[in-house]
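Remarks on the structure that follows.
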Amino acid sequence: MFYPFIKCYRKAVKCRMTQDELYMKKAIEQARYAEAIEEVPIGAVIVLNEEIIASAHNLRETEQRSIAHAELLAIDKACQKIGSWRLEEATLYVTLEPCPMCAGAIMLSRIKRVVYGASDPKGGCAGTLMNLLDDGRFNHQSEVVSGVLEKECSELLSSFFRKIRERKKRNKG
């Protein structure tokens, strides 16, 4: 059953959290796992029939593999879980707009819907630089929803890179 709003209570104040926000919070948890191991804090979850079937976070530095992006790792896990490369009814939640490589994998796995938090002005291919996911020349298009918990997702990344710059500055001095 689809619940358009999920009720939550914080500090005795009633708030309404959409289903997209709820699952984005789960992607943010994954991003925090990445941050804890000094990876760029990007997290992803894949939802099918209101169930998280896969979750992952960036592991590029840990694994020293350029393809160890959160989205690709989550897609791989989801395909293994359902026993198919087709994720036609799935939704991918990711804290940062997918890059060209991840957008390609999203298309090829036929993910129905992509929800992301922060836009990527340097590599975003779900609407910022271009939208590979909505290009009618390809055999599959995905619905794209942007800006879900954008501030929280952006701050995670900004804070991470700020700490790296500060560390480099201290090491020079």
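Of all heavy-atom pairs spanning V148 and C153, the tightest one is O-SG, 4.2 Å. Heavy atoms only, all atoms of each residue included: A44 and L92 are closest at CB-CD1, 4.0 Å. Considering every non-hydrogen atom in both A78 and I53, the closest pair reads CB-CD1, 3.7 Å. Residues I111 and I46 approach most closely at CD1-CD1, 4.5 Å, considering heavy atoms. The two residues M101 and S66 come nearest to each other via the heavy atoms CE-O, 3.6 Å. Minimum heavy-atom separation, E71 to P98: OE2-CA, 3.5 Å.
We find the CG-CE distance between L132 and M130 to be 5.5 Å, quoted to the nearest 0.5 Å. How far NZ of K77 is from CD1 of I82: 15.5 Å, rounded to the nearest 0.5 Å.
Without hydrogens or angle criteria, Q30 side chain to V45 main chain gives no donor-acceptor distance under 3.5 Å. With hydrogens and angles disregarded, no donor-acceptor distance shorter than 3.5 Å links the side chain of K81 to the backbone of A54. T95 places no side-chain N or O within 3.5 Å of a backbone atom of I28 that could act as its donor or acceptor partner. In terms of modelled atom types and a separation under 3.5 Å, the side chain of N58 and the main chain of A70 share a donor-acceptor contact. Side-chain N or O atoms of E21 include one that pairs as donor or acceptor with a backbone N or O of T18 at under 3.5 Å. At distances below 3.5 Å, at least one donor-acceptor pair connects side-chain atoms of E97 with backbone N or O atoms of T128. The main-chain N or O of D135 is found under 3.5 Å from a side-chain atom of Q141 such that the two form a donor-acceptor pair.
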Could you walk me through whether W85 and D76 pass the side chain to side chain contact (heavy atoms under 4.5 Å, CB included) test, one step at a time? CA-CA 8 Å; W85 62 269; D76 192 45; over 6 Å; no
Could you check D134 against V144 for side chain to side chain contact (heavy atoms under 4.5 Å, CB included), going step by step and ending with a plain yes or no? CA-CA 8 Å; D134 191 33; V144 176; 5.6 Å; no
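In this structure, I106 and L133 have side chains that are in contact, with non-hydrogen atoms separated by less than 4.5 Å. Side-chain contact between R162 and E155: present, with at least one pair of heavy atoms (C-beta onward) separated by less than 4.5 Å. By the 4.5 Å heavy-atom criterion applied to side chains, R113 and V145 are counted as neighbours. Residues M107 and S142 form no side-chain contact, since every pair of their non-hydrogen atoms from C-beta on lies 4.5 Å or further apart.
Y116 and F160 fall within a single hydrophobic cluster, where Ile, Leu, Val, Met, Phe, Trp and Tyr side chains are chained together by heavy-atom contacts under 4.5 Å. Two different hydrophobic clusters hold I37 and L157 under the rule that ILVMFWY side chains link at heavy-atom gaps under 4.5 Å.
One finds a salt bridge joining R32 and E152 here, because a Lys/Arg side-chain nitrogen approaches an Asp/Glu carboxylate oxygen to under 4.0 Å. Between K112 and E88 there is no salt bridge, since no side-chain nitrogen of the basic residue lies less than 4.0 Å from a carboxylate oxygen of the acidic one. For K169 and E166, the salt-bridge test fails: no basic side-chain N is under 4.0 Å from an acidic carboxylate O. Between D120 and K122 there is no salt bridge, since none of the side-chain N atoms of the basic residue sits less than 4.0 Å from a carboxylate O of the acidic one.
The number of heavy-atom neighbours closer than 6.0 Å to CD of E38, taken from other residues, nucleotides and ligands shown, is 12 or below. Heavy-atom contacts from other residues, nucleotides or ligands closer than 6.0 Å to OH of Y33 number 12 or fewer.
Among D20, L22, I52, the one residue that satisfies the side chain to side chain contact (heavy atoms under 4.5 Å, CB included) test with V47 is I52.
At a cut-off of 3.5 Å, with distance as the only test, a side-chain donor of T62 or E39 sits close to an acceptor on the other residue.
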